[in-house]
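Here's the structure, in structure tokens; my notes come after.
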Amino acid sequence: MQLRDDQIERYSRQLILPKVGGKGQRKLLAAKVLVIGAGGLGSPCALYLAAAGVGRIGIVDSDRVELNNLQRQILHSTTTVGRSKVESARLRMNDLNGDVEVVPYEIRLTSENILNLIKDYDLVIDGSDNFPTRYLVNDACVMTSKPLFHGGILKFDGQVMTILPAEGPCYRCLFPAPPPPGSVPSCQQAGILGAVAGVIGTMQANEVIKYIMGIGNLLVGRIMIFDALNSSFRQVKIPRNADCPVCGDRPTITELIDYELFCSIAEGTQ
Amino acid sequence: MYDRATDKLAPGARGDILHYAVGFLQHIQELYASMDSSFNFPLQEKITQKSETRVNELDLRGTPCPINYVKTKLVLEELEFGAILAVLLDEGEPIVNVPRSLKEDGHEISGIEDKQGFYRVVVKNGGGKK
């Protein structure tokens, strides 16, 4: 696959880099990545991946664009308020880079559809805004050995971690089970600074690009925590948990769980 | 005759002349090799394309920085370690920047020839296919 003249021009600033070059660019153009959520994290992440020339980007979201999203979800714009987020995302990404094939999935992820969805992709990026999806994505990726790029944000804080199943810890090694419903506020309730989403989503994109090109050191076995008010990053080493319910030596979770159903029942009975 | 003409020159200048002669010979060979079955020469553009892939000459006259460097780098990536690539570069910014960047990448500049208005830079591939 020879790069066209317009591609050489478009990607020139990364082709120049010693560890990228034509080889790295061709890897990016051949890569297939799935972004879960076209929101605060998915927006900067998907935009940078599209800009870098990742060949196929699937994007999953069942919501429509709302005015209050625009403060941080930079994939969308005032003119796409009311439209489906994945369609709004596709328009913006194709406008940015026609090399990229954007595949929109206007669905809600469940234990029924997730395996079929992720099987066509090289890796998964978690930009979800809720625990049921986060655990579902983690378990599905561990069970199918898909690299997973986790990001999470709340208020003025964020965290990033790269999960390579069997090579390093997964999300459950750190947090074995979701918190009880209602114990942790969502961004909807607690708020989030848009630029914090930008920092974390961009770090996820950076990890993905490095993984695709096979360069640098990934956030495997360590979590990066960002404190926006103090403008500081902190790294915490995380060992793989031998007792992890999903990736441990004797896993107790062998089937996917739809926590949402579980949570809503729990909420209903409280 | 050749010996007598070059005996009076400094060793460096002699090398330059020899280098030029070899380059000239290569160029003529390229031209002949590029003729079609009715002994017609192809259009200029086609020659350039052929020489990029077959005899490793890259004509980057008219290509601005940094695209000239990027294109050189992309071609070198596909060549074997130690392979020779000749690059035609404009005077000014290109001849100042491109050889320097190539050296930083670990390639060897084995000759720079002033062709009056442009330069022919000979690069020995320090990277290449892995």
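When reading the values below, keep in mind they use all heavy atoms of this one structure, side chains included, and skip hydrogens, waters and symmetry mates. Residue numbers begin at 1 in each chain, while the letters A, B, ... track the order of the sequences.
For Gln235(A), the CD atom sits in a packed shell: over 12 heavy atoms of surrounding residues, nucleotides or ligands are nearer than 6.0 Å. Atom NZ of Lys103(B) sits in a sparse spot, with 12 or fewer heavy atoms from other residues, nucleotides or ligands closer than 6.0 Å. The environment of Lys124(B) atom NZ is sparse: at most 12 non-hydrogen atoms of other residues, nucleotides or ligands sit within 6.0 angstrom. Residue-environment remark: CG (Asp6(A)) exceeds the threshold of 12 foreign heavy atoms within 6.0 Å. Counting non-hydrogen atoms of neighbouring residues, nucleotides and ligands closer than 6.0 angstrom, the NZ atom of Lys19(A) reaches no more than 12 such neighbours. Enclosure of atom OH in Tyr48(A) is not indicated, since only 12 or fewer non-hydrogen atoms of other residues, nucleotides or ligands lie within 6.0 angstrom.
Rounding to the nearest 0.5 angstrom, the gap separating the NZ atom in Lys23(A) from the CD atom in Glu78(B) is 6.5 Å.
Interface residues of residues 65-74 of chain B toward chain A, defined by a heavy-atom distance below 4.5 Å and sorted by number: Pro66(B), Ile67(B), Tyr69(B), Val70(B), Lys71(B), Lys73(B), Leu74(B).
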